[in-house]
Amino acid sequence: MFLKRKEWRELEALMAQFWWQKSRGTNGMHWCSWEKLCYLKKDGGMGFRDLEKFNITLLAKQG
């Protein structure tokens, strides 16, 4: 299933909110950018997936 750009941006926003939110309704400190969290663990990131690239990869795999 193809996700629209808006949909995966919303998913990434929810994941970021989970990691950086102190409690409901309050924002926490953003210690690093989401792009850096998407780096591989061996490159200093946390290994999160960039949903846009992941979606394109899965579509290519289906084709």
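Remember, predicted model here, so these are calculated numbers, not experimental data.
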Problem set entry | Any pair counted as side chain to side chain donor-acceptor pair (under 3.5 Å), so long as it reaches residues 36-51, sequence neighbours left out | none
For this session: Could you list who else is in L58's hydrophobic cluster, with ILVMFWY side chains joined at under 4.5 Å, directly or through other members?
Result: F54
Exercise. Is there a side-chain contact (heavy atoms from CB on, under 4.5 Å) between L51 and M15 once you walk through the steps?
Worked result: CA-CA 11 Å; L51 294 180; M15 290 189 296; 3.8 Å; yes
Exercise. Rounded to the nearest 0.5 Å, how far apart are CD of E7 and CD of E12?
Worked result: 13.0 Å
Problem set entry | Set of residues satisfying side-chain contact (heavy atoms from CB on, under 4.5 Å) with respect to E10, sequence neighbours excluded | K6
